Amino acid sequence: MKANSTMPLIVGLVMVGLSFTATQAHAAGNACIAVNGGFGNGGTTFVGKGFSLPGNGSCGTWSGVVKTGSSVVLTSSGSACTSSDGVILTLTMHSTDPAYFGNGETAAVDHIQLCLKGTTNCPYGQYSHGYFSGPVERINCTTDLTTIPSTHD
């Protein structure tokens with residue numbers, strides 16, 4: 001009887017341990033995607049703050065900033081979906097900065113297709129279509145990219 005009464009407790013502790021490990025394994029971080037060479041290299045970089053790559057066949061949210069020019073920081077949000085086979089990540093972004101766009105314009109829309117397993121078996125080119133269009137690549141997020149200044153264009 002005593003072994004049976006402690007069994008639910010042991011199973012419960014194991015389940016909590018497994019849940020905690022799974023959460024750590026999928027912890028959110030920053031994700032950086034460079035368009036046309038990225039910020040600091042004549043292009044633009046999308047920085048997803050606290051981004052977690054969606055599982056195969058799933059979608060998630062993207063929120064963060066877009067850095068472009070010498071000091072332009074746009075606020076960005078959208079969705080990110082991974083193909084069911086885990087090959088393609090498609091992101092649709094809505095980025096705003098009225099001071100940057102001027103003349104009554106406030107936002108830009110971009111659609112990014114990114115190969116997750118390299119370009120060898122990629123059915124699409126890695127490209128951003130929209131306001132910030134051009135070839136894309138995943139890059140390491142640096143402090144220069146992830147820092148959000150209090151004043152910017």
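Worth saying up front: this structure is predicted, and the values here are computed from it rather than measured.
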Participant: Between Arg138 and Leu114, is there a side-chain heavy-atom distance shorter than 4.5 Å?
Facilitator: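 In contact.
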Participant: Is it the case that the side chain of Lys67 and the backbone of Asp144 share a donor-acceptor pair, with hydrogens and angles ignored and the cut-off at 3.5 Å?
Facilitator: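 Pair found, side chain donor or acceptor close to backbone of Asp144.
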Participant: With a 3.5 Å cut-off and no angle check, do the side chains of Asp85 and Ser83 form a donor-acceptor pair?
Facilitator: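 Short answer, yes.
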Participant: Roughly how far, to the nearest 0.5 Å, is CD1 of Ile33 from OG of Ser128?
Facilitator: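 CD1 of Ile33 is found 9.0 Å from OG of Ser128.
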Participant: So, for Val35 and Gly134, which heavy atoms are closest and what is the spacing to 0.1 Å?
Facilitator: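 Shortest heavy-atom contact: CG1-N, 3.9 Å.
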Participant: Indicate yes or no: at least one non-hydrogen side-chain atom of Pro54 is less than 4.5 angstrom from one of Leu89.
Facilitator: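 Counting from C-beta outward, Pro54 and Leu89 do come under 4.5 Å.
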Participant: Does Thr82 reach the side chain of Leu53, with side-chain heavy atoms less than 4.5 Å apart?
Facilitator: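 Result yes, sub-4.5 Å side-chain heavy-atom pair found.
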Participant: Examine Val73 and Phe46 and state if one hydrophobic cluster contains both, with Ile, Leu, Val, Met, Phe, Trp and Tyr joined whenever side-chain heavy atoms are less than 4.5 Å apart.
Facilitator: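 Different hydrophobic clusters.
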Participant: Is it the case that one hydrophobic cluster holds both Val47 and Tyr100, taking links as side-chain heavy atoms less than 4.5 Å apart, direct or via other members?
Facilitator: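 No; tracing contacts between hydrophobic side chains, which count when under 4.5 Å, never links both residues.
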Participant: Kindly determine whether Leu74 and Thr68 satisfy side-chain contact (heavy atoms from CB on, under 4.5 Å), including the steps that lead there.
Facilitator: CA-CA 8 Å; Leu74 296 85; Thr68 193; 4.0 Å; yes
Participant: When clusters are formed by joining ILVMFWY residues with side-chain heavy atoms under 4.5 Å apart, either directly or through shared neighbours, do Trp62 and Val66 land in the same one?
Facilitator: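 Same hydrophobic cluster.
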Participant: Using every non-hydrogen atom in the two residues, find where Ala31 and Phe51 come nearest and quote the distance to one decimal.
Facilitator: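 Scanning both residues, the minimum pair turns out to be CB-CD2, 3.6 Å.
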Participant: Keeping Asp110 on the side-chain end and Met93 on the backbone end, is there a donor-acceptor pair under 3.5 Å?
Facilitator: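 Here the side-chain-to-backbone pair does not exist.
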Participant: Counting N and O atoms only, with roles assigned by atom type, does the side chain of Ser84 sit under 3.5 Å from a partner on the main chain of Asn56, one being a donor and the other an acceptor?
Facilitator: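 Judged by distance alone, no pair lies under 3.5 Å.
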Participant: What verdict does the side-chain hydrogen bond (donor to acceptor under 3.5 Å, both in side chains) test give for Thr92 and His111, after you've listed the backbone C-alpha separation in whole Å, the side-chain angles of each residue and the deciding distance to 0.1 Å?
Facilitator: CA-CA 5 Å; Thr92 299; His111 183 84; 3.3 Å; yes
Participant: Looking only at non-hydrogen atoms, find the nearest pair between Gly130 and Ser133 and report the distance.
Facilitator: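 That would be O-CB, 3.5 Å.
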Participant: How are the rings of Phe101 and Tyr131 set relative to one another: parallel (under 30°), tilted (30 to 60°) or perpendicular (over 60°)?
Facilitator: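 Phe101 vs Tyr131 ring planes: perpendicular.
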Participant: Are Asp97 and Val72 packed together at the side-chain level, in the sense that at least one heavy-atom pair is separated by less than 4.5 angstrom?
Facilitator: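 Asp97 vs Val72: side chains touch.
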Participant: Does a side-chain heavy-atom distance below 4.5 Å link Ile139 with Leu145?
Facilitator: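 Yes, their side chains come closer than 4.5 Å.
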Participant: Any sub-3.5 Å donor-acceptor pair from Gln126's side-chain atoms to Cys115's backbone N or O?
Facilitator: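 Yes, because the side chain of Gln126 sits within donor-acceptor range (under 3.5 Å) of the backbone of Cys115.
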Participant: Looking at SG of Cys32 and NZ of Lys49, how far apart are the two atoms once the value is rounded to the nearest 0.5 Å?
Facilitator: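 Spacing of SG (Cys32) from NZ (Lys49) equals 8.0 Å.
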Participant: Judged by modelled atom types alone, do His94 and Ser77 share a side-chain donor-acceptor pair under 3.5 Å?
Facilitator: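 No.
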Participant: Side chains of Tyr127 and Ile112: does their closest heavy-atom pair fall under 4.5 Å?
Facilitator: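 They are not in side-chain contact.
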